[in-house]
There are 2 protein chains.
Amino acid sequence: MNHAQLKAFHAVAREGGFTAAARAQGVSQPTLTVQVRALEDSYKVELFHRRGRRVVLTRAGEELFSITRRLFQLEREAEEFLRAEGKLLRGQVRIAADGPFHALPLIRAIRRELPGLEVVVSVGNSAAVVRAVLNYEAEFGFLSEYAMDNRFAVLAAAHHRIVLMMPSGHPWAGRSSVDINELGGQPMILREKGSSTRRNFESALKEAGVTANIVLEIGSREAVREAVAGGLGLGVVQEPELGEDARIAAAAIEGAALQATELTVCLEERRHSPLMRRLTQLAGTLSG
Amino acid sequence: MNHAQLKAFHAVAREGGFTAAARAQGVSQPTLTVQVRALEDSYKVELFHRRGRRVVLTRAGEELFSITRRLFQLEREAEEFLRAEGKLLRGQVRIAADGPFHALPLIRAIRRELPGLEVVVSVGNSAAVVRAVLNYEAEFGFLSEYAMDNRFAVLAAAHHRIVLMMPSGHPWAGRSSVDINELGGQPMILREKGSSTRRNFESALKEAGVTANIVLEIGSREAVREAVAGGLGLGVVQEPELGEDARIAAAAIEGAALQATELTVCLEERRHSPLMRRLTQLAGTLSG
DNA sequence: CTGAACCTATAGATAAAAGCTATCATTCGC
DNA sequence: GCGAATGATAGCTTTTATCTATAGGTTCAG
């Protein structure tokens with residue numbers, strides 16, 4: 001049994017004749033005659049009754065036809081899938097990010113430029129992002145420069161100011177900036193040790209010779225925000241993560257290079273794949 | 001997209017590597033590399049991550065694999081069907097008969113020799129049998145020689161005596177034979193004009209110069225039997241159709257060549273088809 | 001860190017088969 | 001019956017699927 005034979009049989013069965021099937025398939029009529037004949041001969045099965053200039057499916061032919069109908073339906077399906085996948089008309093892009101905020105511009109760009117692509121975002125800490133990208137579980141990773149790995153290729157880098165968060169009733173609320181030296185002894189609420197924002201902030205304090213009073217360590221951005229809103233202390237956050245909370249006031253921190261760098265990465269080896277070539281254009285335009 | 005390409009992709013996906021797939025498929029490894037590569041290139045889709053000496057399906061590859069799994073399952077199904085059909089391990093044989101009795105030996109032979117074949121029997125009058133065979137609705141026809149048509153090929157001929165049926169209380173009951181001349185004036189119950197048994201009987205009467213007294217004409221074998229059992233008159237029937245009815249006595253008819261010939265036929269054009277070649281051996285052994 | 005083992009990619013040659021053109025044979029509407 | 005339409009057959013051509021030989025990498029043991 002042969003694919004050409006099955007295809008010939010299917011076409012003749014569908015069109016109800018060899019000549020009609022040949023026209024429909026864009027091949028010559030003898031091609032179909034020979035292929036169908038070969039199929040019948042090799043299995044010693046009659047598939048068509050040749051009734052003069054008409055052909056009619058035998059019972060066995062009908063049964064085979066019911067199989068080939070499903071078979072060639074699946075073949076069409078495979079081809080449509082490949083065609084769409086190649087043109088990025090459909091498919092899936094998976095993004096692993098260490099925070100929902102940084103990935104938003106890329107997501108918006110994909111939604112706008114390639115609306116057929118489904119975007120799946122998984123949020124986790126830096127280690128989870130690294131693992132996801134290395135394990136082919138995500139095409140794109142968003143992570144801070146501290147978590148960078150040489151197996152990645154950097155597609156874009158975004159620099160975000162790190163700003164001070166205060167309760168809106170705080171004496172400093174309303175000020176546009178606070179000097180880093182003013183933070184000495186202030187009650188601070190920070191995230192866990194692995195957080196790049198925290199690492200960034202602490203090295204800036206050290207460089208300025210300031211000692212902060214860390215009153216609370218909480219494992220998530222949202223928890224820090226709630227603790228600050230509740231008056232437990234001051235927090236630091238990357239500016240895009242600030243949000244629009246009325247209970248929170250913000251101010252720039254002066255006297256230190258307090259800036260976090262967020263990288264958009266993909267696997268180095270996948271950098272030049274068709275999917276990536278198209279998508280990195282989008283990612284590239286975001287950093288400029 | 002190509003069938004060879006899909007097959008190569010499927011094999012590599014299933015076996016988890018090019019070399020393993022090549023071994024499993026009995027082809028060389030470069031064959032698969034080239035085919036898969038061609039598939040990926042023509043659609044600009046990555047199907048495998050080449051990870052050193054390991055290959056892993058991409059997301060797109062996984063999706064395509066879920067299609068090809070079903071696709072090649074159907075292909076196996078088609079091949080199994082053809083193979084079984086060709087060897088008559090499975091399939092259907094349709095028989096059209098003008099009476100259930102004559103077809104029984106063939107049916108028994110098929111059940112014994114080819115137990116995988118389903119046998120479908122339709123019983124009708126001669127015209128229905130002729131139509132069924134000519135319209136490819138039955139592979140075999142059983143009919144009397146009178147309904148013979150030159151588009152048929154005769155596979156076997158069975159000769160059956162036509163015997164007299166009487167109520168068991170009839171004066172002749174117990175006699176083994178009755179001369180045809182004794183039937184003159186006797187009340188006879190016959191089947192419809194198209195019946196071959198009737199035609200046979202009437203021509204025998206005419207030849208012997210005997211005039212029967214036809215008191216009843218009934219359109220079925222069973223109805224004739226009931227009428228005879230009810231004492232309405234005498235009937236004639238082919239010996240194999242006689243049955244074991246205690247209300248009925250039977251006797252041979254002497255003085256005439258009262259013999260019905262039942263033919264086993266198929267379409268002349270199908271005589272040498274694979275199905276027929278095998279089955280006519282069975283049919284042939286029955287007449288001997 | 002180095003080499004053996006293993007795997008995939010590439011190139012050029014070969015053989016299989018799928019397809020075409022031309023022609024014949026048969027059927028069925030007119 | 002005649003002619004248009006359809007399927008079958010034969011011989012030739014082109015495509016393509018596959019092979020052998022070889023190169024380029026990666027992994028893992030010692």
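Each chain gets a letter, A, B and so on, in the order the sequences are listed, and its residues count up from 1. This one's a predicted model, so the numbers in the text were calculated from it and none came from an experiment.
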Note to self: Please verify the inter-ring angle class for B:F72 with B:H10; under 30° counts as parallel, over 60° as perpendicular, anything in between as tilted.
What the structure shows: parallel
Nearest of [options] to any side-chain atom of [X]?
{"X": "A:P30", "options": "D:dT9, C:dA9, D:dT6", "value": "D:dT9"}
{"X": "B:S28", "options": "D:dC19, C:dC20, D:dT9", "value": "D:dC19"}
{"X": "B:F18", "options": "D:dC19, C:dA9, D:dT6", "value": "C:dA9"}
{"X": "A:T19", "options": "D:dT6, C:dA22, C:dT10", "value": "D:dT6"}

Note to self: Check for me whether B:R83 meets the cation-pi criterion with B:F81, that is, NZ or CZ under 6.0 Å from the six-membered ring centre and within 45 degrees of the ring axis.
What the structure shows: no
Length of the [atom1]-[atom2] vector between [X] and [N], whole Å:
{"X": "A:Q29", "N": "D:dA8", "atom1": "CD", "atom2": "P", "answer": "7 Å"}
{"X": "B:L32", "N": "C:dT10", "atom1": "CG", "atom2": "C1'", "answer": "15 Å"}
{"X": "B:M1", "N": "D:dT16", "atom1": "CE", "atom2": "C1'", "answer": "17 Å"}
{"X": "A:H3", "N": "D:dT16", "atom1": "NE2", "atom2": "P", "answer": "15 Å"}

Next item on the list: Please work out if B:G16 contacts a base, only the sugar-phosphate, or nothing of the nucleic acid, heavy-atom cut-off 4.0 Å.
Entry: nothing
Next item on the list: Could you pick out which residue, B:R23 or A:V27, lies toward the 5' side of DNA chain C when each is mapped onto its nearest nucleotide?
Entry: B:R23
Notebook entry, point to check: Does D:dG7 have OP1 or OP2 sitting under 4.0 Å from an N or O in the side chain of A:R37?
Noted result: no
Check: Between B:T33 and C:dT8, is there a side-chain N or O to OP1/OP2 distance below 4.0 Å?
Finding: no
Can any side-chain N or O of [X] pair as donor or acceptor with the backbone N or O of [Y] at less than 3.5 Å?
{"X": "A:S42", "Y": "A:A38", "value": "yes"}
{"X": "A:S195", "Y": "A:R198", "value": "yes"}
{"X": "A:E262", "Y": "A:A158", "value": "no"}
{"X": "B:E40", "Y": "B:Q35", "value": "no"}

Return the polar atom pairs (N/O with N/O) between nucleotides 12-18 of chain C and the protein under 3.5 Å, or none.
| residue | atom | partner | partner atom | Å |
| --- | --- | --- | --- | --- |
| C:dA18 | OP2 | A:N2 | ND2 | 3.1 |

Next item on the list: Would you kindly say whether A:T33 and A:Q29 are connected by a side-chain donor-acceptor distance under 3.5 Å?
Entry: yes
